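Here the structure is laid out as structure tokens; the discussion comes afterwards.
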Amino acid sequence: MHGMISKPPGAASHIATSRVVLLLLVVMTGIAPISLYMLVPALPVLATTFGSDISIAQMTVSLYMVGIACSQLIMGPLSDKFGRRPVLLGGLALMVAASVACIFAQNLPQLIAARFFQALGGAAGMVVSRAIIRDIYERDRVASMISLVVAALMIGQMLSPLTGGLIETAFGWRAIFYAITIGAIAVAVGIAMALPETRRSRAAGSGFRGDVGMLIRNRAFVGYVLCQVLASQIIFAFAGGGPYIVVTQMGRTSAEYGAWFATTGFAYLVGNLLCVRFAPRHSLERLIWFGLGLQLCGSLLNLLWSFTGWNEAPAWLFGTQMIVMAGNAFVMANSAAGAISIRPEAAGTASGAMGFLQQGIGALMSQFGAYLGGQSTTTLPLTSAILAISLLCAATMIFVVPRREVVVSETLIEQAEEEGTGMM
């Protein structure tokens, strides 16, 4: 069922209400990030097994993230051109082959290379799932469905390090890749049996270059993407600097840091669940501004606590960061929905570009956050950076995204597509 299709009336509605399709959206989104976190507890064992430094073993994670970023840029446009199903199935086939290669790896370079291709294939689900959501849901429901998928995914991500640790302890590190292989095969079978092709029909002559050209000339698209990518950098910056602040500056254990950091993940989960509840009754723009307000308030408070010295205690630092993360969920889900709604038939390309920038810049921001946390004796540099990012997010909505009336309806979006110049 791939290629260009013309869905009959009500077909999209039937697909959208299918619980099986919703479940597939969750698992196809989660297969790559869950596979990333499952191996993390086994990194010390890998270093010992292959007689290498832990920094070399860490490359099985860092190169995996590079693979995710590259996949976003490749798989999105391919899904617009060839359809969602074939790209998903091809990506999962690559993931299965790479996972088998991980099982039989005889040294760390082989394992690192196999992990890169594992991410390259598995991350197809991350980018294509957002495009599928845009295919089958109206614009005003896209944000709530993205939030629902992300909320379910986060539960899996929270449990994946524990799962990986238990598997490694009981059966050895190679057993983790047996589990990933089985999971990837199960997801591929589910897609082959239950997921119809959802890609919209494309105009004759349309293609990757035309899609990219129209998107980057569209102020709304650029603004929403910048807002989403900048919001994600708050997570990367705090995750990069947090361990140094808690362990080095505050003298706490790494286990205690892990427990405190989980509170920010919980706040992000709550934010996504609230977005699911409120999105059907409010516009994207209003929800983005609500999230930006929370981000700014939380960031400003944390900067204030840095000046007073109060957030030298984890409860103050992470308690206030929870406000930031709850708002961050609103900003990321709704700005992503806005970006992929500008040109629905190019939703894969839009989603891929957004994901690539998010992951690529995120790798640099994580290093920057680690530098801020590791080179200072206070939390002030990190909290200042997070406030600056929050202000930049708000600036994109003020100065880049056109006013609300130009993006409020499907009709205006369709008119913009017909004119071939984007909104305004």
Side-chain angles (χ1 to χ4, degrees), residues 23-50 52 56-75 78-79 84-129 153 156-195 355 359:
L23 177 61
L24 285 173
L25 287 171
V26 172
V27 295
M28 75 173 70
T29 302
I31 187 71
I34 287 174
S35 299
L36 167 65
Y37 293 114
M38 282 185 70
L39 188 65
V40 170
L43 292 181
V45 175
L46 289 177
T48 302
T49 301
F50 293 112
S52 298
I56 304 299
Q58 179 69 26
M59 292 182 69
T60 60
V61 172
S62 56
L63 263 291
Y64 191 98
M65 294 181 68
V66 173
I68 290 178
C70 293
S71 181
Q72 305 278 305
L73 201 60
I74 296 169
M75 299 300 182
L78 287 178
S79 74
R84 314 304 185 202
R85 275 170 52 91
V87 171
L88 282 170
L89 293 173
L92 287 167
L94 176 59
M95 186 180 194
V96 169
S99 298
V100 172
C102 288
I103 293 172
F104 295 101
Q106 297 302 307
N107 52 56
L108 268 180
Q110 291 179 5
L111 182 60
I112 291 167
R115 283 281 282 177
F116 172 81
F117 287 103
Q118 187 184 54
L120 192 67
M126 297 175 66
V127 59
V128 176
S129 63
L153 168 62
Q157 286 186 197
M158 289 177 184
L159 296 176
S160 55
L162 174 61
T163 303
L166 292 174
I167 292 174
E168 190 281 322
T169 301
F171 305 105
W173 66 268
R174 294 183 193 272
I176 294 174
F177 293 109
Y178 279 103
I180 292 172
T181 303
I182 293 170
I185 292 172
V187 174
V189 170
I191 290 170
M193 295 181 62
L195 183 70
Q359 296 291 328

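It should be emphasised that the depicted structure is a prediction, and the values quoted were computed from it without experimental measurement.
- Contact of the Leu108 side chain with the Thr49 side chain is not registered, since no non-hydrogen atoms from C-beta on lie closer than 4.5 Å.
- Of the possible donor and acceptor atoms, none in the side chain of Arg115 sits under 3.5 Å from a partner among the backbone N and O of Tyr64.
- Closest non-hydrogen pair, Ser71 versus Ala124, comes out as OG-N, 3.4 Å.
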Test side chain to side chain donor-acceptor pair (under 3.5 Å) on Ser79 and Arg84; report intermediate values, then the result. CA-CA 5 Å; Ser79 74; Arg84 314 304 185 202; 3.0 Å; yes

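- The two residues Gly164 and Ile176 come nearest to each other via the heavy atoms O-CD1, 3.7 Å.
- The stretch residues 170-194 participates, sequence neighbours left out, in no side-chain hydrogen bond (donor to acceptor under 3.5 Å, both in side chains) pair at all.
- Note that CG of Leu43 and OG1 of Thr60 are 5.0 Å apart. Values are rounded to the nearest 0.5 Å.
- Leu88 contributes atom CG, which lies 9.5 Å from atom CE of Met75 (distance to the nearest 0.5 angstrom).
- Residues passing the ring-ring contact (aromatic ring centres under 6.0 Å, His included) test with Phe117: none are found, sequence neighbours excluded.
- The heavy-atom pair separating Ala123 from Gln72 by the smallest distance is O-NE2, 3.8 Å.
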Which atom pairs, donor and acceptor, lie under 3.5 Å between side-chain atoms of residues 183-195 and protein residues at least two apart or in another chain?
none

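- Contact of the Leu111 side chain with the Phe116 side chain is not registered, since no non-hydrogen atoms from C-beta on lie closer than 4.5 Å.
- Distance check, rounded to the nearest 0.5 Å: CG of Asn107 to OG of Ser52 gives 8.5 Å.
- Across Ile68, Val66, Leu94, a single residue satisfies side-chain contact (heavy atoms from CB on, under 4.5 Å) together with Leu120, and that is Leu94.
- In this structure the side chain of Leu39 never reaches within 4.5 angstrom of the side chain of Val61, judged on heavy atoms.
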Report, one line per pair, each donor and acceptor closer than 3.5 Å where one atom sits in a side chain of residues 97-104; sequence neighbours left out.
residue : atom : partner : partner atom : Å
Ser99   : OG   : Met95   : O            : 2.8
Ser99   : OG   : Gln118  : NE2          : 2.8

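- Sorted by first then second residue, the side-chain hydrogen bond (donor to acceptor under 3.5 Å, both in side chains) pairs that include residues 31-40, not counting sequence neighbours, number zero.
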Pairs under 3.5 angstrom only: tabulate donor-acceptor contacts from the side chains of residues 23-31 to other protein residues two or more places apart or in another chain.
residue : atom : partner : partner atom : Å
Thr29   : OG1  : Leu25   : O            : 2.6
Thr29   : OG1  : Ser129  : OG           : 2.9

